[in-house]
Amino acid sequence: MYGTRVTVLGAGIVGAACARELAQAGFDVTVVDRGGAAAATTSHGEGNVLVSDKGPGPELQLAQLSRRLWPEVLAAIAEGSARGAEAAAAVEWEPKGGIVVATTEAGARELSAFAAAQRTASVRADVLDADALADAEPFVTRDHTAALHYPDDAQVQPAAAATALLADALATGATLRTGCEVLGALTRGGRLTGIHTTAGRLGTDLCINAAGPWSGDLAARLGAPVDVRPRRGDVLVTTPLPPTVFHKVYDADYVGAVGSSSEDLQTSAVVESTRAGSVLLGSSRRRVGFDDRLRPDVLSAVAAKALRLFPGLAGVPVMRAYGGFRPYVPDHLPVIGPDPRLPGLWHVSGHEGAGIGLSVGTARLVRHLMLGRPTEIDPAPFRVDRPAVLNAAAHPGSEETV
Amino acid sequence: MTTRVPRHVAVVGAGPAGLAAADAALGAGARVTLIDSAEQPGGQYHRMLPDAYDAAHPERLQHGWHAFDRRRRRVLAHPHCTWLPETTVWALERPAPEETGPPRLHLLRGPADGAGRTRHTLDPDALLLAVGAHDRVLPFPGWELPGVFTAGAAQALAKGERVVVGDHVTVAGSGPFLLPVAAALLEAGSRVSAVLEANPPSTVARGWSRRPWELAAQAGKTGELAIYTSALLRHRVPYRTGRTVIEARGDGRVEEVVSARLRPDWSVVPGSEHTTAADALCVTHGFSPQLELPLAAGCALRTTAAGPFVDTDDDQRTSRPEVYAAGEITGIAGAPAARAEGAVAGWIAGGGDPAAPAVRRLRRSRDQGRAFAERLARAHPIGAAWPGWLRPETVICRCEETDYASLCRAACDPAGASPRVAKLATRAGLGPCQARVCGPTVAELHTRLSGDPADGLPVAGPHRRPIAQPIRLGELAAPPEPLPHHAPRTPPKKESSS
């Protein structure tokens, strides 16, 4: 593959992870972003590396692959150079484990059935009785009906994770072009041969659409639309506290909210601390396009749900809030693979709220698919030509672009 | 017969601009809700330019006070005014793009450190922002030591609490604010060792002497400067130009300061360093407008040599429908200009006739104030070479203790150079003050170091704070309560509020 030019469109964590894997495989990689690297969705999330919120199926397989790869990838980056060691340390890899708490009887029944199914797929999910929960999280509500501990859940500082992956790609020979917006595809004989950008034309052999929530717009510009839409989320950040929250703690509603397709507001409590001592409080899900207006009622709902889990936090000040857009696909599965309508174009997107965690497994999958090698998990469920992805494709095929 | 329902104007900030705005809006027949985080109106009135000159000058202070006090009483006693003291606007909620009108205000009422704050919302017909500015201080080695004050804080301590900040106080930085601060310190009983203006006499003189007709319109200001200068002379305080403090040293608090001669671009003249004993240091490099609420409202900014300010038209309208701005957020021009801006904004926001002769006079007075502000900015610019006195270990963000070397590393890594990503990596600006102190400095340094890298969506500007003031989780979780005297869109009740 030496010399094959791959252009990765999007320098978020998925693009960065792909750039790294492909540069290591010998591709000639260029990463292009309209803004700055890791500056949009990647740096507006919580940094989840989760297996706990996924039921058996292809996404869980991707999550398990990613969870296995994360420590290996960070170790490899750290061993590469002194800069790499610094970058890997800044990722703040924290295999802290997750704790899921149900507060209703119905929630407890659902949670235990969900965990039983997960265990058949080799997910570790340990039941915590009231004492064990109080030991693990002394400040969590006593008013709960069930609690499970997922030792394999982890957390990273997402922008630093993307920076480490991208810097490693650049050190391996990839190039980065920021502030460069894609305007359209250059094609010849029905095959993509390059892209037309605000910085001029860029010839390429393969092109990866890794533009996260903007993947739908970008795909349409390239003449091969896919149904990836933005789904907004908001996070509250408290002032720094002494150690108060020790795991990623969320309520059992979270799994339902993640899996829902409603346009309306879905909130569920996700509470965790960062190394700096701040507590991050999520989460919300709304389909409002790219509307980035602050919605105090949403923040209020997030706060109320979080206080149900940690009533003792009522007096803690929130000092900032941030919101971002997740790349949402109607069937809640990532889109990973070549676009059969436009040879040369690949889509790697649609990870919704799990892109940070799933990035490294996704990138490994892309590398093996591009090289024609056997893959560690079945890529078929993520293929581009499935109904949920191509529904938006009013005009399949490409247009000749000047 | 139909009665005209008066317009409802929400005025945020009860300093000189906000109070004048409330007064004018009431005069235009509007109903006014006046909001301030303090217990009393006045804002940072005594700390602001150029009324700051009045502070150490009793009869001027009294004169200013009487006018202010008359206005304060008139506004607060007005039957159509609701005064909301100890109230913060923690968020502004913009309407949907297809809707017109100002954003919804989200308020917290009650003492900031009290437990009983309540949450409210307010939907006025017009929003008038007059939230003012705060001190800007450039970092230098040792500026995080106890005993280093912003000039504004030192003056507030001296004037408000009569605190003697030290027996060997150095006042340093740039701008005419140095003089009243020094005078206030002297009055409170501190001993001031020296006042150091970083700009050389040539720069200061060029700023003050150009276009003298503008200065004539602000009659008295140069005379006031002379009064302060004579106060310094009386106390034998040396006033030096072209010199500044480049380091503060001490074991646990300030014990000595190192000053140095500066070239016009503020590069340090090698060998000119001089160390003096000091137990306090007061520093000012001008003022930063408080832009979080204007940005939350969606107001466009204009970029000036002195930094970004809210862009307004001739009637103080911002780029957003029914959102007006007055005072220091539109430019650092001092209390008289702020009052004039406030009065224009309040009159127009309240539904007054834009062609009224009184408004024409106010606009003129405002324009003279703005010309004066430009003169100040020209006379006391921040020299481009100031980062020369930073060292790798110099703290830039005091909340998170981020040093200069970390900023340099982040800015020079192409994979992590976007401002938002660099902020998360260095943590500069993420602490309790939410970049109010270091934000403009970090933004400036980052741009210089990285060559203005592409940012994310949305752009991580140093003034962007969607949560404008901290709010406790319990307060946020509770639903908003109705505000007293605020039945929506109905004529006001005939009762005065306290």
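Letters A, B, ... mirror the listed sequences (proteins, then strands); counts begin at 1.
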Inset, instruction - Run the numbers on Leu299(A) and Ile471(B) for side chain to side chain contact (heavy atoms under 4.5 Å, CB included), then give the verdict. - result: CA-CA 11 Å; Leu299(A) 305 186; Ile471(B) 177 169; over 6 Å; no
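- The number of heavy-atom neighbours closer than 6.0 Å to CD of Glu99(B), taken from other residues, nucleotides and ligands shown, is above 12.
- Heavy atoms closer than 4.5 Å to chain B are found in the side chain of Leu170(A), but not in its backbone.
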Inset, instruction - Report the C-alpha distance between Arg320(A) and Leu430(B) in whole Å, list the side-chain angles of each, state the deciding distance to 0.1 Å, and finish with yes or no for side chain to side chain contact (heavy atoms under 4.5 Å, CB included). - result: CA-CA 9 Å; Arg320(A) 84 177 157 270; Leu430(B) 290 177; 3.4 Å; yes
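- The pair Asp297(A)-Arg104(B) does not count as a salt bridge, with every side-chain nitrogen at least 4.0 angstrom from each carboxylate oxygen.
- Taking a 6.0 Å sphere around CD of Glu401(B), one finds it holds 12 or fewer heavy atoms contributed by other residues, nucleotides or ligands.
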Inset, instruction - Give the C-alpha distance, both sets of side-chain angles, the deciding distance and a yes or no for side chain to side chain contact (heavy atoms under 4.5 Å, CB included) between Glu475(B) and Val318(A). - result: CA-CA 10 Å; Glu475(B) 295 161 349; Val318(A) 174; over 6 Å; no
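- If you measure heavy-atom distances from Ala90(A) to chain B, you find no contacts under 4.5 Å at all.
- For chain B, the option among Ala37(A), Gly179(A), Ser300(A) with the highest count of heavy-atom pairs below 4.5 Å is Ser300(A).
- Across every non-hydrogen atom of His106(B) and Pro296(A), the tightest pair is NE2-CG, 3.2 Å.
- With a 4.5 Å cut-off on non-hydrogen atoms, Glu92(A) does not touch chain B at all.
- Residue Arg465(B) does not touch chain A at all, counting heavy-atom pairs closer than 4.5 Å.
- Between Ser418(B) and Ala39(A) the shortest heavy-atom distance is OG-CB, 3.3 Å.
- Among Pro479(B), Ala96(B), Pro97(B), the residue with the largest count of heavy-atom pairs under 4.5 Å with chain A is Ala96(B).
- For the pair Gln157(A) and Leu424(B), the minimum side-chain heavy-atom distance is below 4.5 Å.
- Contacts between residues 404-412 of chain B and chain A, counted as heavy-atom pairs separated by less than 4.5 Å, involve Arg409(B).
- Per-residue counts of heavy-atom pairs under 4.5 Å with chain B were compared for Thr239(A), Leu165(A), Asp291(A), Leu313(A); the largest is that of Leu313(A).
- With a 4.5 Å cut-off on side-chain heavy atoms, Tyr322(A) and Arg464(B) do not count as touching.
- Around atom CZ of Arg83(A), no more than 12 heavy atoms belonging to other residues, nucleotides or ligands sit under 6.0 Å away.
- Of the two parts of Leu92(B), only the backbone, made up of N, CA, C and O, holds a non-hydrogen atom closer than 4.5 Å to a non-hydrogen atom of chain A.
- With a threshold of 4.5 angstrom between heavy atoms, Ala422(B) does not approach chain A through any atom at all.
- The distance from atom OG1 of Thr42(A) to atom CZ of Arg420(B), rounded to the nearest 0.5 Å, is 10.5 Å.
- Here the shortest heavy-atom pairing between Ala321(A) and Pro466(B) reads O-CG, 3.8 Å.
- Proximity of a side-chain donor or acceptor of Arg293(A) to a complementary backbone N or O of Pro95(B) within less than 3.5 Å is detected.
- Of the listed residues (Ala159(A), Pro158(A), Pro311(A)), the greatest number of heavy-atom pairs within a distance under 4.5 Å of chain B belongs to Ala159(A).
- In this structure, the side chain of Ser43(A) does not engage the main chain of Val421(B) through any donor-acceptor pair within 3.5 Å.
- By the 4.5 Å heavy-atom criterion applied to side chains, Leu281(A) and Leu473(B) are counted as neighbours.
- Contacts between Leu176(A) and chain B at a heavy-atom distance below 4.5 Å involve the side chain alone, from C-beta outward.
- If you measure heavy-atom distances from Ala38(A) to chain B, the contacts under 4.5 Å come from both the backbone and the side chain.
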